[in-house]
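Structure first, commentary second.
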Amino acid sequence: MVRRSKPEICVDILKVLALHGPLKPTHITYKAKVNFNLLKQHLDFLIKQNLVKKRTVGKKKAVYAITKRGIRVLRDFWEKGS
């Protein structure tokens with residue numbers, strides 16, 4: 001299995017959220033193919049960069065969604081051919 005860099009994992013998370021979000025963390029781990037501990041680290045980073053936002057649904061369920069800024073960053077990434 002090829003190890004992905006932090007930017008590659010972040011882009012994969014953003015792609016998953018752009019295509020399927022908002023999602024619960026367990027669904028992101030499955031679709032982005034990343035373990036839960038790594039996901040938490042990357043989500044924290046993406047939230048601090050204002051690329052992802054956390055929302056609470058119901059009493060305690062957290063879901064994550066890509067922000068408008070996250071969509072712009074993802075679009076720029078795709079346009080550069082990466």
Rounded to the nearest 0.5 Å, what's the gap from [atom1] on [X] to [atom2] on [Y]? Could you check?
X: Leu39; Y: Asn35; atom1: CG; atom2: CG; value: 8.5 Å
X: Phe77; Y: Lys15; atom1: CZ; atom2: NZ; value: 6.0 Å
X: Arg69; Y: Asn50; atom1: CZ; atom2: CG; value: 6.0 Å
X: Gln49; Y: Thr67; atom1: CD; atom2: OG1; value: 10.5 Å
X: Lys53; Y: Leu46; atom1: NZ; atom2: CG; value: 14.5 Å
X: Arg72; Y: Leu51; atom1: CZ; atom2: CG; value: 9.5 Å

Subject >> Lys/Arg cation over aromatic Phe45: Lys6, 6.0 Å, 45° cone >> reply: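 Yes, Lys6 and Phe45 form such a contact.
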**OP:** Output, in order, the C-alpha distance, side-chain angles, deciding distance and verdict of side chain to side chain contact (heavy atoms under 4.5 Å, CB included) for Leu74 and Val11.
**Re:** CA-CA 7 Å; Leu74 193 56; Val11 167; 4.0 Å; yes
Original post:
Checking His42 side chain against Leu38 main chain: does a donor-acceptor pair fall under 3.5 Å?
Top reply: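 Looks like yes, one N/O pair under 3.5 Å.
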**OP:** Decide side chain to side chain contact (heavy atoms under 4.5 Å, CB included) for Val63 and Leu23; before the verdict, give the C-alpha distance in whole Å, the side-chain angles of both, and the deciding distance to 0.1 Å.
**Re:** CA-CA 5 Å; Val63 294; Leu23 291 172; over 6 Å; no
**OP:** For the residue pair His20 and Lys31, establish whether any side-chain heavy-atom pair is separated by less than 4.5 Å.
**Re:**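 They are in contact (side-chain heavy atoms under 4.5 Å apart), so the answer is yes.
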Would you name the heavy atoms of [X] and [Y] that are closest together and state the gap between them?
X: Ala62; Y: Pro25; answer: O-CD, 3.5 Å
X: Arg3; Y: Glu8; answer: O-OE1, 4.3 Å
X: Thr29; Y: Phe36; answer: CG2-CA, 3.8 Å
X: Ile13; Y: Ala32; answer: CG1-CB, 4.2 Å

Subject >> Cluster overlap Leu14 with Tyr30, hydrophobic side-chain contacts below 4.5 Å >> reply: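 No, no single cluster joins them.
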Subject >> Residues Lys33, Asp12: salt bridge by 4.0 Å N-O rule >> reply: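 Salt bridge absent between Lys33 and Asp12.
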Original post:
Should Val34 and Arg4 be marked as a side chain to side chain contact (heavy atoms under 4.5 Å, CB included) after you check the CA-CA gap, both sets of side-chain angles, and the distance that decides it?
Top reply: CA-CA 10 Å; Val34 61; Arg4 294 177 288 172; 3.9 Å; yes
Original post:
Can you check side chain to side chain contact (heavy atoms under 4.5 Å, CB included) on Ile28 and Leu17, steps first, answer last?
Top reply: CA-CA 8 Å; Ile28 301 169; Leu17 291 174; 3.8 Å; yes
